Amino acid sequence: MLSPQIRSTFLDFFTARGHRLVPSGSLLPPDPSLLVSNAGMNQFKPWFLGDVEPDFPRATSVQKCVRTVDIDNIGHTRRHSTFFEMLGNFSFGDYFRTEAIGYAYELLTGYFDLSPDRLWITVYEDDDESARVWRSVGVPPERIQRLGAADNFWSMGVPGPCGPCSDVAYDRGPAYGRDGGPSVDSERFVELWSLVFMRSLRGETEPGGGFPVLGDLPRTGIDTGLGLDRLATVLQGVDSAVQTDLLRPTPATVEELAGRDYSPADRDDPCRVSFEVLTDHARAIAFLLADGIRPGKEGTEYVLRRLIRRAIRHGRRLGIEGPVLPPVTASVVANLGPAWPELTRAASLIEDLTTREEESFDRTLRRGTRLLDRAIRRRLEGGHRDLPAETVLTLYDSHGFPPDLTIEAAHEAGLTVDDPHVRSLLSPHHHP
Ligand code: SER
């Protein structure tokens, strides 16, 4: 099943069940505590909190999301993307767990035709009620696992609504990893859909990464997110999102520019990783630009600049000497423009901005890479195992070479970098 049909099957299912179809919010989040929109529920946060009365009790959407927490995993796992579309259904004080679980199971098995034998469920450790509901719809107890807060208690990562979640994973088979369910191997048992049972309010992140639960929300709610990349990967029987109809034309464009083949099956090939990083980032860059975000030094603008620089660097590594991002983002626009008209409207702007950013970064890259390679070679020849934080700083201060690229290159050469030390040396106006 191709992505347009996946989107419409999802949305039709929920609109037929009383959900209002709501367009995606912008990637520039309505909530100033977020740098970039990261979940379908973002635009509904005030409704979940009870700050504003909902205009309707049920909603469904396809939300554009960007998450950079997994940026280093791109190309190394088969399941991470920086930009992705999240299919969601929401209840604001209307239905709760029983209906949400029933809908998810019915849609996956009855409309997307996923085999029930391949579905595994995780529930929050003390959530007996969800486990009971999953058993009642037909999931055998041995395929229901309990996980702790790190996996099965969801929040936006900032103060706001939160609650336990129950996730549906799909068993991709022994070729993808170890047996034993999602608690053992999340690459083989890939999480498709997360159902969040919103009921509490979380506070600020504490030192150590945890957060306090401050109390109950005025009413419970449902917030779900089904990853379109992952569902398309499974339904189209391919290895990763790069080979689905959502992204497939882009590696083909990169093949032409680089004059070399993309070999998805070769997991150890560094070129494969570069193909996938460039493809992934180009999609995120096109969508961020189309939503009016511009590359810059801070906040959301820096999220974009970082993606642009990483993408160019991987393009150069593939041996592309001419423009990288203008043609690669153009292939994203051509492919996804029919589903997302804002891309088509922004096509020439995306071309202009990526051209400009690439010209300026190329100058930095050329100078910095020479110096960086020399510094790395010296450390290796001297028998050292690390690249000093001061080297990272000098490259940045004197040559504008971004610390995250230096750190990445050092890691690739087998050198460690004292990351906290680098960050402590950066003054507040610096952006790593
Ligand atoms: N908000 C949850 C998530 O992002 C479910 O949509 O995973």
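Computed from a prediction, not measured in an experiment: that's the story for all the values here. Order of appearance sets the numbers: ligands from 1, and atoms from 1 within every ligand.
- Taking atom 7 (O) of ligand 1 as the reference point, the nearest protein heavy-atom neighbour is Trp154 NE1, 3.5 Å.
- Looking at Arg67 against ligand 1, only its side chain comes within 4.0 Å, counting heavy atoms.
- Every pair passing side-chain hydrogen bond (donor to acceptor under 3.5 Å, both in side chains) that includes a residue from residues 342-355 is listed here, sequence neighbours excluded: Lys64-Glu342.
- In this structure, the protein non-hydrogen atom closest to atom 5 (C) of ligand 1 is Gly225 N, 3.4 Å.
- At a heavy-atom cutoff of 4.0 Å, ligand 1 is contacted by no atom of Leu195, backbone or side chain.
- In this structure, Phe10 and Trp193 have tilted ring planes: the angle between them lies in the 30° to 60° band.
- Taking only nitrogen or oxygen atoms, main chain and side chain alike, Thr224 reaches within less than 3.5 Å of ligand 1.
- With respect to atom 1 (N) of ligand 1, the closest heavy atom belonging to the protein is Asp223 OD2, 2.7 Å.
- Using a 4.0 Å cut-off between a side-chain N of Lys or Arg and a carboxylate O of Asp or Glu, Arg7 and Asp12 do not qualify as a salt bridge.
- Using a 4.0 Å cut-off to heavy atoms of Val196, the atoms of ligand 1 that qualify are 2 (C), 5 (C).
- Taking the six-membered ring for Trp and thresholds of 30 and 60 degrees, Phe92 and Phe44 have ring planes inclined between 30 and 60 degrees apart.
- Cation-pi check for Arg202 over Phe211 is met; the charged atom lies under 6.0 angstrom from the ring centroid and within 45 degrees of its normal.
- Within the structure, the closest approach of Met156 to ligand 1 does not fall below 4.0 Å when heavy atoms are considered.
- Under the salt bridge (charged side-chain N to carboxylate O under 4.0 Å, His left out) criterion, Arg188 pairs with Asp171, Asp179, not counting sequence neighbours.
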